[in-house]
Amino acid sequence: QKLSSCSVRRLLLVLLFVFILPLILWLNRIIAANFDSTGAPRSSSSPQNQTQSRKDGITTKNVVEPIQIAYAISLIRCSDFQSSTDGLLDAATILRHSVHKTSIRNPDSGSKYDYKLYAIVHTKAAECSHLLSDLGYEVLLKDSPVQISEIRGEYLRKNVHKEWCCGADEFVKLYAYTIGQHPIVVHTDIDFMYYQPMDNLFDAMLLPHDSDEGKMARKNIEMEYPDKVIPENIQAYLTRDYHQVIPGRKAAFQAGFIVVKPSMDAFNDYLDIIREGNYVEGFSRENGWGGKGYGGVVGSMAMQGLPAYYYDIVRPNTTVELNGCRYNHMGANIFYEDVPNFIRRYKDLHGKCRRNVEGCEDCRKTDLKLIKNIHFTNCRKPWNCAGEKSTKKGSIDPRTTDYGHCTQVIRTWHEMRTDLEQKILDITGDSKVQEGQSGSYKEDLFMKHCKEDGQSGYIPIAASKEVMAQVAEKVWNVKGY
């Protein structure tokens with residue numbers, strides 16, 4: 001018996017609602033998850049929907065589940081003449097707090113990126129690695145990735161152990177490239193502090209280079225050489241150690257800071273180069289790694305010279321060199337006026353920018369508002385209470401930096417520590433933390449954290465492991481600490 005036209009219409013409506021409409025909705029969800037508003041494929045590492053205005057004026061896509069950036073440090077020895085164990089512990093604590101302050105976990109930061117902390121600890125420093133795990137760092141205990149006996153080049157094999165700071169042991173920093181569960185790894189030395197978010201750098205690495213957001217992020221990267229072309233696929237950001245170089249010579253990499261996309265290929269490339277050991281002795285233009293001029297400065301046989309050679313010669317056009325006055329700021333004198341590597345007979349070079357260009361930014365005068373992060377080297381370690389202007393070891397050397405600028409830089413670390421101490425007091429109500437604020441040496445600079453000049457004058461943070469566990473949960477938002 002034939003169905004009436006009315007029954008047919010009812011049947012079609014049932015089929016529409018039961019089968020076809022759910023199918024259309026499902027397809028829409030698949031498209032939204034895999035393609036952006038322009039129809040371009042969405043990267044699995046890219047921020048996802050919901051727009052948000054950042055402090056820098058860029059409208060960006062907020063993260064539904066924030067992308068987690070790996071922040072790594074390396075610990076090669078537990079203490080040395082530059083830092084006591086107490087100093088290193090507080091350095092790691094304040095570095096950790098500064099990461100938090102510049103992340104999405106602090107709404108005032110304006111950042112949309114989350115973080116996870118790692119500590120690459122050399123086996124020689126294993127005895128103090130628990131201090132870092134107690135602070136919430138995931139400890140990666142590693143031996144040197146290449147043993148000296150494996151190096152085939154005679155000069156490097158016989159001399160790398162003398163290199164500042166740690167000889168071949170410093171190559172453990174290369175393990176940062178192996179932290180592959182994150183799209184980006186930021187590796188720094190422990191004497192470091194984050195001052196402002198780095199979302200522009202992360203956006204430029206992760207967003208499609210030809211998208212509107214990607215273009216804006218790239219436009220806002222503060223480069224050392226703004227006229228250089230930015231690679232479509234940025235593999236790393238780095239800065240150079242210009243304050244060591246003679247104008248016209250190759251500048252080493254500044255090993256205290258690098259931002260990378262993790263890569264086992266890069267890691268293995270480095271190990272192959274080290275094992276080959278093609279490092280030419282001397283101070284000529286043909287010295288150093290590969291005989292290409294990457295040598296003759298402090299650290300050139302290890303992590304100052306090797307990455308510069310790698311990214312210039314082995315993997316060119318894959319990196320962006322950042323403005324070293326804004327990123328990895330050291331307050332160093334990059335004009336050829338005095339030590340290091342100052343040769344008086346080169347009178348035609350005296351006073352010139354070591355970058356060998358006109359119009360260098362003077363990092364000794366960079367406004368703090370422009371600085372993204374700080375590496376405490378020329379301005380000395382804040383926990384060493386260096387309050388004197390002098391050429392003596394441990395003091396602020398006026399030949400290589402500016403004393404007034406350094407006092408501003410050092411104070412930022414003590415302000416960060418004071419911020420943490422106030423949060424400890426607010427959370428616990430325990431006034432014991434104020435015992436770490438009992439110093440009277442240059443209070444306007446060290447904010448009561450120093451009782452006298454020098455490393456022995458430092459007063460550590462007065463907080464127990466139990467108190468810091470509360471801080472981790474209630475300040476740093478770390479569950480299961």
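Between Trp383 and Trp413, the two ring planes are tilted [angle within 30° to 60°]. Relative orientation of the Tyr336 and Phe342 rings is tilted, given thresholds of 30° and 60° on the angle between their planes. Between Phe446 and His414, the ring planes are perpendicular. Angles over 60° get that label, and only those under 30° would be called parallel.
Residues forming a ring-ring contact (aromatic ring centres under 6.0 Å, His included) with Tyr195 (at least two apart in sequence, or on another chain): none. Legend: residues meeting disulfide (SG to SG under 2.5 Å) with Cys166, ordered by chain and number and at least two apart, are absent. When the ring-ring contact (aromatic ring centres under 6.0 Å, His included) test is applied to Phe202, the partners found at least two apart in sequence or on another chain are Tyr113. With sequence neighbours excluded, the residues forming a salt bridge (charged side-chain N to carboxylate O under 4.0 Å, His left out) with Lys158 are Glu154, listed by chain and number. The ring-ring contact (aromatic ring centres under 6.0 Å, His included) search around Tyr118 returns His182, not counting sequence neighbours.
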Test Arg218 against Asn200 for side chain to side chain contact (heavy atoms under 4.5 Å, CB included), laying out the working first. CA-CA 7 Å; Arg218 287 163 175 261; Asn200 281 336; over 6 Å; no
Set out, in order, the CA-CA distance, both residues' side-chain angles and the distance that settles ring pair (Phe, Tyr, Trp, His ring centres under 6.0 Å) for Phe257 and Tyr237, then state yes or no. CA-CA 9 Å; Phe257 168 82; Tyr237 297 104; 8.5 Å; no
What do the steps show when you test Ser111 against Thr102 for side chain to side chain contact (heavy atoms under 4.5 Å, CB included), and what is the final call? CA-CA 7 Å; Ser111 175; Thr102 55; over 6 Å; no
Evaluate the salt bridge (charged side-chain N to carboxylate O under 4.0 Å, His left out) criterion for residues Lys392 and Asp397: first the C-alpha distance (whole Å), next the side-chain angles of each, then the deciding distance (0.1 Å), finally the verdict. CA-CA 7 Å; Lys392 292 189 301 183; Asp397 191 339; over 6 Å; no
Test side chain to side chain contact (heavy atoms under 4.5 Å, CB included) on Thr178 and Val185 and set out the steps. CA-CA 9 Å; Thr178 70; Val185 180; over 6 Å; no
Side chain to side chain contact (heavy atoms under 4.5 Å, CB included) assessment of Glu361 paired with Arg326: CA-CA 10 Å; Glu361 180 175 344; Arg326 316 292 175 88; 3.1 Å; yes
If you apply the rule salt bridge (charged side-chain N to carboxylate O under 4.0 Å, His left out), what do you find for Lys451 with Glu435, and how did you get there? CA-CA 12 Å; Lys451 58 189 176 185; Glu435 293 177 9; over 6 Å; no
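Side chains of His449 and Glu421: a donor on one and an acceptor on the other come within 3.5 Å. Checked by atom type, the side-chain pair Tyr310/Asp269 shows a donor-acceptor distance below 3.5 Å. No hydrogens or angles considered: a donor-acceptor pair under 3.5 Å links the side chains of Ser456 and Glu452.
Salt bridge status for Lys112 with Asp203: present, with a side-chain N to carboxylate O gap under 4.0 Å. The pair Arg240-Asp312 counts as a salt bridge, with a side-chain nitrogen and a carboxylate oxygen less than 4.0 angstrom apart. Between Glu150 and Arg157, no side-chain nitrogen of the basic residue sits less than 4.0 Å from a carboxylate oxygen of the acidic one, so the salt-bridge criterion is not met.
With values rounded to the nearest 0.5 angstrom, Asn373 atom CG is found 5.5 Å from Met198 atom CE. Here CG of Leu420 is found 9.5 Å from NZ of Lys101. Values are rounded to the nearest 0.5 Å. Rounding to the nearest 0.5 Å gives a distance of 9.5 Å between NZ of Lys124 and CD1 of Ile76. Here Ser300 contributes atom OG and Tyr294 contributes atom OH; the two are 12.5 Å apart, rounded to the nearest 0.5 Å. If you take CE on Met193 and NE2 on His329, they are separated by 10.5 Å, rounding to the nearest 0.5 Å. Taking CD1 from Ile273 and CD1 from Ile151, the interatomic distance works out to 12.5 Å, rounded to the nearest 0.5 Å.
Heavy-atom contacts from other residues, nucleotides or ligands closer than 6.0 Å to NZ of Lys442 number more than 12.
Taking the six-membered ring for Trp and the full ring otherwise, Tyr71 and Tyr194 have centroids separated by under 6.0 Å. Annotation: Tyr175 is in aromatic contact with Phe267 [ring centroid separation under 6.0 Å]. Checked against the 6.0 Å centroid threshold, Tyr270 and Tyr177 count as a close aromatic pair.
Judged purely by atom type and a 3.5 angstrom limit, Asn268 uses its side chain to pair as donor or acceptor with the backbone of Met264.
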Please output the side-chain donor-acceptor pairs of residues 135-145 that fall under 3.5 Å, not counting sequence neighbours, one pair per line with the distance.
{"unit_1": "Tyr137", "atom_1": "OH", "unit_2": "Ala92", "atom_2": "O", "d": "2.8"}
{"unit_1": "Glu138", "atom_1": "OE1", "unit_2": "Lys116", "atom_2": "NZ", "d": "2.7"}
{"unit_1": "Asp143", "atom_1": "OD2", "unit_2": "Gln147", "atom_2": "NE2", "d": "3.4"}
{"unit_1": "Ser144", "atom_1": "OG", "unit_2": "His122", "atom_2": "NE2", "d": "3.0"}
{"unit_1": "Ser144", "atom_1": "OG", "unit_2": "Asp169", "atom_2": "OD1", "d": "3.0"}

